[in-house]
Amino acid sequence: ISKDVLATLIRHREPIVGAAVGSGMSAAAAEAGGADLIMVLSAGHFRLQGISSAAALLPYANANDLTWEIATRHVVPRVRETPVFLGVCAQDPTLALDAHLDRAIQYGLAGVTNFPTVSFFGGEYREALEAGGEGFEREVEMLARAREKGLLAIGFCLNPTDAGAL
């Protein structure tokens, strides 16, 4: 489906099927299977390596570099019509967010999602991230900037408090 059709489905609160992928082959299969959208997440890369998706929450690789590489070199060239979303780690101190979002638009990506997300963390660790300015608010701000630039945004969260912030 097109980005416009997807936006209409979302506005009308229709059910949609998203596939989180880590390769072009997975993306092509998701499109052939009727997925409404494809999300390129660092977790998909780790799953293909036989590693838990939880590895995406650890410092094994730069999540933004990894998802960009997978999206632009492997997924976008193999997907014909299904909108592709890029996972973005908003807490990356090396990320030039506006430039990153502009490149996503230039490559024809439909939107972004906040992944990896601090929503997976709780307790003292989450409190420390929030207190240090590396919390969920950075993800909310990233999604808002993406929408301002005309990208679609999927908010990823795991609790009611984070959902309310989206």
Side-chain angles (χ1 to χ4, degrees), residues 1-11 13-92 95 97 100-101 103-105 107-122 126 136 138-140 142-147 149 151-160 162-163 165-166:
I1 66 174
S2 71
K3 178 180 172 182
D4 293 334
V5 170
L6 179 62
T8 300
L9 290 173
I10 292 168
R11 271 194 306 279
R13 303 184 65 81
E14 295 291 329
I16 56 174
V17 175
V21 304
S23 73
M25 185 169 69
S26 298
E31 183 172 60
D36 296 313
L37 63 91
I38 293 170
M39 295 183 294
V40 180
L41 306 178
S42 54
H45 167 79
F46 291 111
R47 283 192 303 268
L48 286 172
Q49 309 309 313
I51 303 169
S52 167
S53 296
L57 305 174
L58 299 172
Y60 291 145
N62 180 303
N64 292 319
D65 291 345
L66 185 60
T67 55
W68 183 258
E69 174 83 7
I70 295 166
T72 60
R73 293 193 59 192
H74 304 285
V75 172
V76 171
R78 287 161 186 84
V79 172
R80 296 175 191 222
E81 296 178 8
T82 307
V84 176
F85 286 72
L86 183 69
V88 176
C89 179
Q91 291 78 12
D92 181 350
L95 181 66
L97 181 58
H100 194 63
L101 296 173
R103 283 191 318 159
I105 292 166
Y107 271 83
L109 296 169
V112 296
T113 187
N114 56 315
F115 190 92
T117 175
V118 299
S119 195
F120 280 105
F121 301 116
R126 173 73 182 264
F136 195 70
R138 286 192 61 164
E139 298 174 27
V140 173
M142 180 275 295
L143 294 170
R145 285 185 38 204
R147 284 190 300 272
K149 290 182 173 286
L151 290 163
L152 298 175
I154 296 173
F156 193 103
C157 64
L158 298 169
N159 64 62
D162 289 349
L166 292 172

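When each of I38, L152, L151 is tested with F85 by the rule side chain to side chain contact (heavy atoms under 4.5 Å, CB included), just one qualifies, namely L152.
Nearest heavy-atom pair across S42 and L66 is CB-CD2, 4.0 Å. Residue E139 comes nearest to Q91 through the heavy atom pair OE2-NE2, 2.9 Å, listed as atom of the first residue, atom of the second, then distance. Among all heavy-atom pairs drawn from V112 and A146, the shortest one is CG2-CB, 3.5 Å. Nearest heavy atom pair, residue S26 against residue L48, reads OG-CD2, 4.3 Å. The shortest heavy-atom contact between D162 and S119 is OD2-OG, 2.8 Å. Nearest heavy atom pair, residue T82 against residue A35, reads CG2-O, 3.6 Å.
Two rings, from F156 and F120, have their centers less than 6.0 Å apart.
Once rounded to the nearest 0.5 Å, the distance linking CG of N64 with CG of D92 reads 5.0 Å. I154 contributes atom CD1, which lies 6.5 Å from atom CD1 of I10 (distance to the nearest 0.5 angstrom). If you take CG on L57 and SG on C89, they are separated by 9.5 Å, rounding to the nearest 0.5 Å. Between the CZ atom in R145 and the CG atom in L101 there is a gap of 7.0 Å [rounded to 0.5 Å]. Here the CG atom belonging to L95 is positioned 11.0 Å from the CH2 atom belonging to W68, to the nearest 0.5 angstrom.
Contact of the M142 side chain with the R138 side chain is not registered, since no non-hydrogen atoms from C-beta on lie closer than 4.5 Å. Side-chain atoms of H74 and M25, non-hydrogen and from C-beta on, never get closer than 4.5 Å to each other. The shortest distance between side-chain heavy atoms of V40 and V21 falls below 4.5 Å. Two residues are said to be in side-chain contact when any heavy atoms from C-beta on lie closer than 4.5 Å; F136 and N114 meet this criterion. Residues S53 and R47 meet the side-chain proximity criterion, which asks for heavy atoms closer than 4.5 Å.
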(request) Start with the C-alpha gap between V84 and Y107, add the side-chain angles, then the distance that decides, and say whether side-chain contact (heavy atoms from CB on, under 4.5 Å) holds. (result) CA-CA 10 Å; V84 176; Y107 271 83; over 6 Å; no

(request) For I70 and V75, run side-chain contact (heavy atoms from CB on, under 4.5 Å): C-alpha distance rounded to whole Å, both residues' side-chain angles, the deciding distance at 0.1 Å, then the answer. (result) CA-CA 6 Å; I70 295 166; V75 172; 3.9 Å; yes

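A search for ring-ring contact (aromatic ring centres under 6.0 Å, His included) contacts involving Y60 returns nothing, not counting sequence neighbours. Listed by chain and number, the residues in a side chain to side chain donor-acceptor pair (under 3.5 Å) with R103 are H100 (sequence neighbours excluded).
Checking side-chain atoms of T113 against main-chain N and O of F115 turns up no donor-acceptor pair under 3.5 Å. The backbone N or O of V17 sits less than 3.5 Å from a side-chain atom of D36, completing a donor-acceptor pair.
The stretch residues 57-70 participates, sequence neighbours left out, in these salt bridge (charged side-chain N to carboxylate O under 4.0 Å, His left out) pairs: E69-R73.
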